Amino acid sequence: MQYFIDTANLESIKKISDIFPIAGVTTNPTIIAKEKRDFKEIINDIFDIVGRDKIVHAQAVGSTAEIIVKEVQLLHDTFGENLYTKIPVTPEGIKAMKILAKDGHKITATGILSPQQIIIAAEAGAEYMAPYINRSDNIGENGIEIVKDAYKILEMNKKTDEEKLARYKRIFEPKILGASFKNVRQVHETILAGSKSVTVAPDVFEKLIYHPYTDWSMDTFNLDWEKVYGDKTLLDLL
Ligand SMILES: O=C(CO)[C@@H](O)[C@H](O)[C@H](O)[C@H](O)COP(=O)(O)O
C-alpha cells in the first residue's frame, strides 16, 4: 500500500512524514500556488524532507501536448527519476502521455472523474491514475464506483511485460491513486475497492489512525501504571 501526502506545505510534510510510512508527496497547481514561493525550491525542499528515494508528483501546466512534453522533459532533467509528472486527462494531455510513455517517462494522469478516463490514460501509458473521489461524491456521483469499474476493466486487459516494454519502454503496473478525500471513510472504501495507493491531505491523514477509544485505552493504561510505578518506564525497570 502506498500513502502519499497531498500538500506542498513543508511544515505539514515534516509532521506527517515523521510519523507515517509514506510513499511520497503529491501536488497540483492549486496546492503549489498556496505556498507563494519559487516552484523549483518547493519541489527540492519536499525531496529534502521526504528523501530522494520517495516519489514526488508535480503537475504539468501547459495547455498543448507540445508544451506538456517539454515541461515533462524539463521536470525529469531537473528533479530526476522520482519526479512523476501529473498530466490532465484532456485531449492534449492524453496526446502528450502517448508521446512521453514511448520514451519511458513516469506519468500520473489527473483530473479524473470517470472510469473511461482511467482506462484511456492507462492505455496511453500513465502509471498512476488519480480519480477525485470527493469531487465526484460532491455532485451526487459515486467516487468509489469509478475505482471499482476501472479496476474491473484494467484487470481484464492486463498486459504482458513484453507488450508493456514495446509500448511504454518500461515495465509497470497501472495503479489507481485515489485523490480528493474529505474523510477517512472515503479513503477506506477506495482502498477496499482495489486502490493500492491514495493521496491524503494532512488533516485527513492524521485521522487515519485516530480513534477515541484508543486514546481512552492509553489514558487508562497510563493511570493504572502510574499508581504502582510512578513515572518509571521500562528503561528504568529492566
Ligand atoms: O491528483 C492528485 C495527485 O495525483 C492530487 O494532488 C489532487 O489534485 C488533489 O487530491 C485534489 O485536487 C484535491 O481535491 P480537493 O480536496 O480540492 O477536492
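Every heavy atom of this structure was used, including side-chain atoms; hydrogens, water molecules and symmetry mates were not. Model, not experiment: these values are computed from the prediction. Ligands are counted one by one from 1 in listed order, and the atoms in each one are counted from 1 as well.
Judged by distance alone, the side chain of Trp225 and the main-chain N or O of Thr233 form no donor-acceptor pair under 3.5 Å. A donor-acceptor contact shorter than 3.5 Å is absent between the side chain of Asp6 and the backbone of Thr199.
Follow the hydrophobic side-chain contacts under 4.5 Å out from Ile209 and you never reach Phe221; the two are in separate clusters.
A ring-centre distance under 6.0 Å is found for Tyr128 and Tyr84.
Sorted by chain then number, the residues whose non-hydrogen atoms approach ligand 1 to under 4.0 Å are Asp6, Thr26, Thr27, Asn28, Lys86, Thr108, Thr110, Ala130, Tyr132, Arg135, Leu177, Ala179, Ser180, Lys182, Thr199.
With respect to the salt-bridge test (charged N to carboxylate O, under 4.0 angstrom), the residues Glu145 and Lys148 qualify.
For residues 152-178, the ring pair (Phe, Tyr, Trp, His ring centres under 6.0 Å) pairs, not counting sequence neighbours, are Tyr168-Phe172.
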